[in-house]
Amino acid sequence: MKNFFIITIAIAALHLTGCKKNNYYDDSGTTNGKFNGTTMDYLKSKPEYFSSIVNIIRVAGLENALQNEQVTFFAPADSSVNYLFRYVNDRLRELGKTPITSIDQVAPRLWTKYMSRYVFNFKKQLKDFPQVDFANLTTFSGQIYPAVNGTYMNIGAVYESAFLGGTDGTPRTEIPYAGYRYLTISYLSSQYNPKDFATWRMARVASVNVETNNGYVHVLRYATHYFGFDESEFAEDIAFNNY
């Protein structure tokens, strides 16, 4: 099982390789990439990004789903696990508890709980998701989907504005919703009040539409995401429910 220090080394590699101009990992939007293999095969083929994630998928008992079932997977990078461990360990020290240093110190059922939030039993690419506008959720609210463990998540495509003029002395004109598009996925931390935007924990997708033999992979923006979406909830689980 991966040691925390091995995770840290992997993260260093992630940040080094993340600087390259790469269609899959440089916030490049739609890739329309076709990978000749399953979703699990794809993750295994990118150990510099997903080695710890692959191990967590195995511990969580989700390998079969990503290998054999039709799924859409919103892939967090190893860095998200590193960020989570740092936060959790700070909280554990505050509580006078022993920090965690490896994946196998976390109960498998907890890995299942949090990893399941990224897996959906359908095959959808960017164009298949409805629009979400976080400044106008009444009109464009995305859509709520159950993840494989039944947790409700909001998924939506953000349509940015396009602009004309402004560079040659002409007035700059904004055209709403005509620009760049990207996916977001949000954990609805209040499952009893899922439309309360204040309770959403949103993650932005950096690269979409990596098509595998059994679904799509949408890679999350690794620099801004804690694994599991809610680091405080995870920390409380580790402190009081890690058995």
Side-chain angles (χ1 to χ4, degrees), residues 2 24-25 31 33-35 37-47 49-81 83-84 103 106-130 132 142-157 182-189 191 194 200-222 224-231 233-234 237:
K2 288 283 184 183
Y24 292 98
Y25 300 105
T31 66
K34 174 66 177 178
F35 177 79
T38 68
T39 294
M40 197 67 190
D41 293 335
Y42 174 77
L43 299 173
K44 291 177 182 177
S45 76
K46 305 288 182 181
Y49 295 99
F50 303 122
S51 60
S52 296
I53 294 300
V54 165
N55 283 331
I56 292 171
I57 288 169
R58 288 170 174 157
V59 172
L62 292 168
E63 185 171 12
N64 181 66
L66 272 65
Q67 186 74 28
N68 299 310
E69 299 176 12
Q70 181 172 278
V71 294
T72 294
F73 183 56
F74 287 81
D78 286 356
S79 58
S80 68
V81 180
Y83 300 150
L84 178 69
I103 289 170
V106 178
R109 65 182 187 83
L110 294 183
W111 286 130
T112 302
K113 172 183 176 180
Y114 289 95
M115 181 59 79
S116 295
R117 295 174 178 177
Y118 299 92
V119 186
F120 297 83
N121 286 324
F122 52 66
K123 183 177 179 180
K124 292 183 183 291
Q125 56 183 309
L126 172 62
K127 68 180 181 63
D128 298 321
F129 292 104
V132 62
Q143 186 169 330
I144 296 174
Y145 300 89
V148 293
N149 65 344
T151 300
Y152 289 110
M153 309 289 288
N154 182 283
I155 306 174
Y182 60 89
L183 273 178
T184 63
I185 177 171
S186 302
Y187 168 54
L188 311 180
S189 63
Q191 299 286 297
W200 292 16
R201 303 300 297 269
M202 189 270 285
R204 176 171 170 170
V205 173
S207 184
V208 299
N209 296 359
V210 179
E211 186 177 9
T212 68
N213 291 347
N214 64 317
Y216 281 102
V217 178
H218 306 299
V219 182
L220 298 184
R221 195 173 193 176
Y222 61 78
T224 57
H225 180 62
Y226 284 96
F227 178 85
F229 291 89
D230 192 330
E231 63 275 17
E233 181 184 357
F234 195 102
D237 271 341

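The basis for the numbers below is simple: all heavy atoms, side chains too, and nothing from hydrogens, waters or symmetry mates. This structure is a prediction, so every number in the text was calculated from the model and none was measured.
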Exercise. Ignoring hydrogens and geometry, is there a side-chain-to-backbone donor-acceptor pair from D41 to T38 under 3.5 Å?
Worked result: yes

Exercise. Counting N and O atoms only, with roles assigned by atom type, does the side chain of Y118 sit under 3.5 Å from a partner on the main chain of G228, one being a donor and the other an acceptor?
Worked result: yes

For this session: Might you point out which heavy atoms bring M115 and A60 nearest each other, and give the distance in Å?
Result: CB-CB, 4.3 Å

Exercise. How are the rings of F74 and F120 set relative to one another: parallel (under 30°), tilted (30 to 60°) or perpendicular (over 60°)?
Worked result: perpendicular

Exercise. Heavy-atom distance under 4.5 Å between the side chains of Y152 and P194, does that happen here?
Worked result: no

For this session: Kindly say whether M153 contributes a backbone atom to a donor-acceptor pair with the side chain of W200 at under 3.5 angstrom?
Result: no

For this session: Indicate yes or no for a side-chain donor-acceptor contact from N154 to the backbone of S186 under 3.5 Å, with no hydrogens or angles considered.
Result: no

Exercise. Taking atom OG1 of T112 and atom CD1 of I57, what is their separation to the nearest 0.5 Å?
Worked result: 11.0 Å

For this session: Say whether, by atom type as modelled, one donor and one acceptor occur between the side chain of D230 and the main chain of S189 under 3.5 angstrom.
Result: no

For this session: Show your working on ring-ring contact (aromatic ring centres under 6.0 Å, His included) between Y114 and F234 and close with a plain yes or no.
Result: CA-CA 8 Å; Y114 289 95; F234 195 102; 4.7 Å; yes

Exercise. Angle class for the Y216/H218 ring planes (parallel below 30°, perpendicular above 60°, tilted otherwise)?
Worked result: parallel

Exercise. Less than 4.0 Å between a side-chain N and a carboxylate O, is that true for D128 and K123?
Worked result: no

Exercise. Can you tell me if N214 uses its side chain to pair, donor with acceptor, with the backbone of L66 under 3.5 Å?
Worked result: yes

Problem set entry | Backbone N/O of F122 and side chain of T72: donor-acceptor pair under 3.5 Å | yes

Seminar exercise, completed: Between L43 and A75 the two heavy atoms that sit nearest each other are CD2-CB, 4.3 Å

For this session: Considering non-hydrogen atoms only, spot the tightest contact between M202 and R204 and give its length.
Result: SD-N, 3.7 Å

Problem set entry | Row check, Y187 ring normal vs R117 NZ/CZ: under 6.0 Å, within 45° | yes

Problem set entry | S80 side chain to A77 backbone, donor-acceptor under 3.5 Å | yes

For this session: Measure from the side-chain N and O atoms of T151 to the backbone N and O of A147, and report whether any donor-acceptor pair falls under 3.5 Å.
Result: no

Problem set entry | Carboxylate-amine/guanidinium contact E233 R201, below 4.0 Å | no

For this session: Go through the steps for V208 and Q125 under the test side-chain contact (heavy atoms from CB on, under 4.5 Å), then give the verdict.
Result: CA-CA 7 Å; V208 299; Q125 56 183 309; over 6 Å; no

Problem set entry | Six-ring centre of Y49, K46 cation under 6.0 angstrom, axis tolerance 45° | no

For this session: Test side-chain contact (heavy atoms from CB on, under 4.5 Å) on T184 and I155 and set out the steps.
Result: CA-CA 6 Å; T184 63; I155 306 174; over 6 Å; no

